[in-house]
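All chains are named by letter (A, B, ...) in the order of the sequence lines, taking the proteins before the strands, and each is independently numbered beginning at 1. Since the structure is predicted, the reported quantities are computational estimates derived from the model, not experimental observations.
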2 protein chains.
Amino acid sequence: MTALQPNYLIFSNEGVSGVAWKNRALKRSVIAYLDVSDSCTVMDISRELNISVPKAASLVSELVQDNLIRDYGKIDSTGGRKANVYGLVNDACFFIGVDVKKYYVNIGLLDFKKHLLSIRENVPFQLENTPGSLRALTDIIRRFISDFSELESRILGVGINLSGRVNHVTGYSYSFFHFQEEPLSRIIQQEIGIPTFLENDSRSMAYGEFMNGVVKNERNVLFINIDFGLGMGILIDGNLYYGKSGFSGELGHIPFFQNEKICHCGKRGCLETETSGIALLEEIKERIRGGSSSILSQKNRDVDRIRLEDVIEAARKQDTLVIEVLAELGDKLGKAIAILINIFNPELVVLGGKVSETGEHIRLPIRSALNKYTLGLVNNDTQLKLSRLGERAGVMGACLIARGKVLSAAH
Amino acid sequence: MTALQPNYLIFSNEGVSGVAWKNRALKRSVIAYLDVSDSCTVMDISRELNISVPKAASLVSELVQDNLIRDYGKIDSTGGRKANVYGLVNDACFFIGVDVKKYYVNIGLLDFKKHLLSIRENVPFQLENTPGSLRALTDIIRRFISDFSELESRILGVGINLSGRVNHVTGYSYSFFHFQEEPLSRIIQQEIGIPTFLENDSRSMAYGEFMNGVVKNERNVLFINIDFGLGMGILIDGNLYYGKSGFSGELGHIPFFQNEKICHCGKRGCLETETSGIALLEEIKERIRGGSSSILSQKNRDVDRIRLEDVIEAARKQDTLVIEVLAELGDKLGKAIAILINIFNPELVVLGGKVSETGEHIRLPIRSALNKYTLGLVNNDTQLKLSRLGERAGVMGACLIARGKVLSAAH
DNA sequence: GATTATTAATAAATATTTTTAATAAGTTTG
DNA sequence: CAAACTTATTAAAAATATTTATTAATAATC
């Protein structure tokens with residue numbers, strides 16, 4: 001059987017108006033509804049979209065013809081004729097997510113129903129602000145796509161996470177690959193031939209956890225990305241919050257300490273100088289040099305060559321020094337998160353990024369700091385959870401960002 | 001001519017479905033569009049709402065019949081037949097706003113086009129958590145309404161600001177008047193016979209400034225309410241942000257200082273303990289007792305009886321002591337606002353509340369603290385302005401909250 | 001196990017909306 | 001100043017959606 005050419009038209013508004021436009025919008029609404037409710041009947045759609053049953057039925061039948069949704073069978077009834085339920089078709093279309101890290105890339109493929117079908121992790125790569133580095137990146141993406149050639153015509157979007165400042169609307173990147181006039185997203189799109197979307201890494205991870213991770217029904221969520229640096233993704237009423245220029249969530253650089261450590265941003269006293277992966281690593285090294293004992297010091301290795309991964313591994317092995325330093329870090333970070341809780345009154349705060357892989361060793365100190373520093377009434381509203389997706393939040397988020405933009409016809 | 005009985009039906013969805021429901025929704029959309037664009041043509045509406053011109057024309061003619069909009073005349077054309085422009089009818093309907101303070105009440109009347117037609121300020125009142133105090137409040141509202149008896153049938157909503165915790169959806173108040181089962185908004189509504197909506201005071205003021213104050217086209221705005229306490233209203237994409245239980249924006253109680261001052265909330269080191277009207281007043285008194293000279297000390301009056309209003313008056317008269325203390329307060333508050341700017345990347349921060357009436361004496365120290373404590377890139381995005389409405393932001397906000405809820409049929 | 005109540009799907013009739021065409025009311029240009 | 005060109009409004013025709021009525025399917029009840 002030859003590859004299906006699904007009816008992509010509904011994901012764009014080009015060249016249509018009037019009834020055609022309305023029908024596309026309605027079909028997208030049906031898909032959006034199916035996206036959150038998983039399956040539904042014709043009557044559900046009629047109620048939800050305020051359209052008549054025959055109209056809903058005709059939309060459904062067209063979407064079935066387009067192979068975007070299909071009949072899932074009958075639903076249990078409470079007395080009366082059983083209704084047909086419909087849901088999305090798994091392989092109707094696909095999306096690619098690219099999580100660009102400093103020394104490697106993670107890349108994955110997501111299907112229409114938000115399953116991560118394939119993921120390739122730790123693909124070697126050097127993130128530099130050079131044309132060569134950009135070419136290496138597009139090569140990696142192209143190579144990944146070529147592994148799914150039979151699906152290629154159904155890959156509708158590519159999402160790319162970059163750290164630093166990114167404008168998701170214009171597609172410009174300000175921290176990397178900004179050596180040309182055109183927006184970066186368009187450059188890459190021309191290279192790989194698929195609509196491409198850029199996003200900040202912490203925001204993307206937040207979106208991943210929100211759509212397909214630890215978040216269930218919460219709509220106002222903070223995602224704290226404790227990695228080498230410290231970032232945050234903000235979800236407000238189920239949508240990513242960007243701020244005026246997409247620079248929101250700069251948690252790492254809020255003025256928080258009276259210390260003398262100069263941050264790489266040039267300011268002094270940034271939160272990140274004491275509560276990030278780098279700060280953790282440096283503190284551990286400092287203490288080992290000062291004579292503290294630890295699994296990390298015993299292996300008569302060079303202190304300078306300890307990596308953040310080693311520290312996290314040591315925490316898993318119940319290393320006392322690491323646990324102690326994490327507790328101190330957690331108390332400070334908890335105080336900062338207490339501020340956020342007072343301001344946002346969120347339903348949920350999710351801890352993600354490399355350092356969060358130390359699990360309860362970081363969560364519990366933060367939790368007790370929250371009890372200490374927030375108003376009881378406000379604090380009781382807020383859950384504190386560890387990321388469910390872990391390292392994969394980035395790829396998942398990138399896929400989902402692309403999926404969300406394509407499905408809402410926002411391109 | 002007898003008082004018009006306008007067609008209020010479009011502001012509710014009760015008992016309608018299908019075409020009737022859609023038409024009401026469309027008419028509300030027309031009004032919402034007119035609300036931001038002031039005036040428009042039939043073709044504008046057709047484009048904006050994606051409906052055909054004849055359909056738009058029929059909606060417009062019905063709205064004109066309902067006396068909600070009217071023909072403003074012809075618009076200038078750029079070659080071709082001139083179009084009729086339509087706009088809202090000033091006196092189609094009215095809204096009342098009640099700003100409840102500790103020792104007095106401000107109350108005002110707003111028309112359909114957001115003009116504050118009448119305001120009564122400083123109506124004596126004692127805010128206590130007693131049935132008597134509640135009765136006094138409803139009496140004040142009733143008396144105010146009775147002054148506009150010929151308009152009464154067109155008063156569609158009453159908004160009430162209360163300090164402390166308020167749930168705007170359920171209508172419950174948790175800090176005042178919570179001695180009955182039923183939500184407070186319903187109790188008051190029964191007393192005065194007009195749909196009633198509750199809101200937190202800082203949020204309401206933020207909304208006032210946003211809809212009818214210093215905010216022009218900005219969509220992400222923070223309103224800092226520096227009054228006796230310290231509050232904040234958050235506007236995200238043009239909407240008030242509430243958080244899970246409506247407790248967002250608790251700026252006054254974020255853990256910020258290592259001081260020993262115990263806040264009335266029970267915690268230590270709250271921002272409010274050093275950067276609120278009360279903190280300002282106490283610091284001034286302290287310094288005068290310590291021998292500092294000031295306009296306030298010269299009037300051989302009792303130091304204990306200096307009021308916040310006196311301090312603000314002194315600042316206006318260029319009193320050195322007050323200006324000095326304000327500068328210190330502004331520096332601390334500016335550091336806190338720097339945190340907010342890093343997190344929200346807002347287009348605008350508005351300073352409101354009593355202390356903001358000191359004008360540049362408080363704005364400039366905050367501005368320079370922002371330069372010191374925020375990243376240049378982020379800071380350049382953000383304007384810092386003084387409230388335009390001042391004391392009236394509360395009444396204006398309360399009216400507009402009621403207006404917004406009624407017009408969006410959210411009741 | 002037949003009957004009744006309930007809900008879903010379909011068909012026919014009715015109502016509404018959009019499209020297309022025509023007309024009206026201007027502006028610009030030769 | 002009239003012809004050509006624009007744009008707005010109205011009218012009639014065509015397309016589309018909603019209503020209402022009917023049929024189909026199933027669970028609960030007697």
Side-chain angles (χ1 to χ4, degrees), chain A residues 9-10 13-30 33-34 37 39-66 69-87, chain B residues 9-10 13-30 33-34 37 39-66 69-87:
Chain A
L9 293 173
I10 77 157
N13 280 326
E14 255 172 74
V16 291
S17 62
V19 229
W21 185 92
K22 281 184 193 176
N23 278 333
R24 288 194 189 176
L26 279 174
K27 285 186 190 175
R28 286 196 298 268
S29 298
V30 171
Y33 179 48
L34 241 26
S37 65
S39 68
C40 70
T41 68
V42 167
M43 196 167 269
D44 291 334
I45 293 171
S46 156
R47 234 193 323 263
E48 184 72 14
L49 306 189
N50 283 295
I51 54 177
S52 67
V53 172
K55 177 66 184 164
S58 97
L59 289 173
V60 164
S61 102
E62 280 180 52
L63 283 167
V64 169
Q65 285 231 312
D66 293 347
I69 73 174
R70 65 182 183 81
D71 194 331
Y72 278 19
K74 304 280 186 189
I75 199 178
D76 276 349
S77 148
T78 54
R81 178 172 170 176
K82 286 180 177 171
N84 283 55
V85 288
Y86 297 86
Chain B
L9 293 173
I10 78 157
N13 281 326
E14 255 173 77
V16 292
S17 62
V19 204
W21 185 93
K22 282 184 192 178
N23 277 334
R24 287 194 188 176
L26 280 175
K27 285 187 190 176
R28 286 197 299 269
S29 298
V30 171
Y33 179 48
L34 243 23
S37 64
S39 68
C40 69
T41 68
V42 167
M43 197 167 269
D44 290 334
I45 293 170
S46 157
R47 234 193 324 261
E48 185 72 14
L49 308 187
N50 283 295
I51 55 177
S52 67
V53 171
K55 177 63 183 165
S58 98
L59 289 173
V60 164
S61 102
E62 280 179 54
L63 284 167
V64 170
Q65 285 232 313
D66 294 346
I69 72 174
R70 65 182 184 80
D71 194 330
Y72 277 20
K74 303 283 185 187
I75 198 179
D76 276 349
S77 150
T78 55
R81 181 171 170 176
K82 286 180 177 170
N84 283 53
V85 288
Y86 298 87

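Computed from coordinates, the B:Asn23 CG to D:dA17 C1' distance equals 13 Å when rounded to whole Å. In this structure, B:Trp21 atom CH2 and C:dT16 atom P are separated by 17 Å, rounded to whole Å. In this structure, CG of B:Asn50 is placed 13 Å from C1' of C:dT18, rounded to the nearest angstrom. Between B:Lys22 atom NZ and C:dT16 atom P there is a gap of 12 Å when expressed in whole angstrom units. When the C1' atom of D:dT26 is taken as reference, atom CD1 of A:Ile75 falls 14 Å away, rounded to whole Å. Between the NZ atom of A:Lys55 and the C1' atom of C:dA9 there is a distance of 17 Å, given to the nearest Å. Here the P atom of nucleotide D:dT16 and the CG atom of A:Leu59 are 13 Å apart, to the nearest Å. Protein atom CD1 of A:Ile45 is 15 Å distant from nucleotide atom P of D:dA17, rounded to whole Å.
Partners of A:Ser52 by side-chain contact (heavy atoms from CB on, under 4.5 Å), not counting sequence neighbours, listed by chain and number: A:Pro54, A:Lys55. Under the side-chain contact (heavy atoms from CB on, under 4.5 Å) criterion, B:Ala83 pairs with B:Thr41, B:Ile75, not counting sequence neighbours. With sequence neighbours left out, the side-chain contact (heavy atoms from CB on, under 4.5 Å) criterion links A:Ala25 to A:Trp21, A:Arg28. Shown here are the salt bridge (charged side-chain N to carboxylate O under 4.0 Å, His left out) partners of A:Glu62, two or more places apart in sequence or in another chain: A:Lys27. Residues forming a side-chain contact (heavy atoms from CB on, under 4.5 Å) with A:Val53 (at least two apart in sequence, or on another chain): A:Val42, A:Met43, A:Ser46.
Looking at which nucleotide of DNA chain D each of A:Ile51 and B:Pro54 is closest to, the 5′-most match is held by B:Pro54.
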Would you tabulate the nitrogen or oxygen pairs shorter than 3.5 Å linking the protein to nucleotides 6-9 of chain D?
from, atom 1, to, atom 2, distance (Å)
D:dT7, O2, B:Arg81, N, 3.2
D:dA8, N3, B:Arg81, NH1, 3.3
D:dT9, OP1, B:Asn84, N, 3.0
D:dT9, OP1, B:Asn84, OD1, 3.3

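Note: B:Asp71 CG to B:Ser39 OG = 11.0 Å, rounded to the nearest 0.5 Å.
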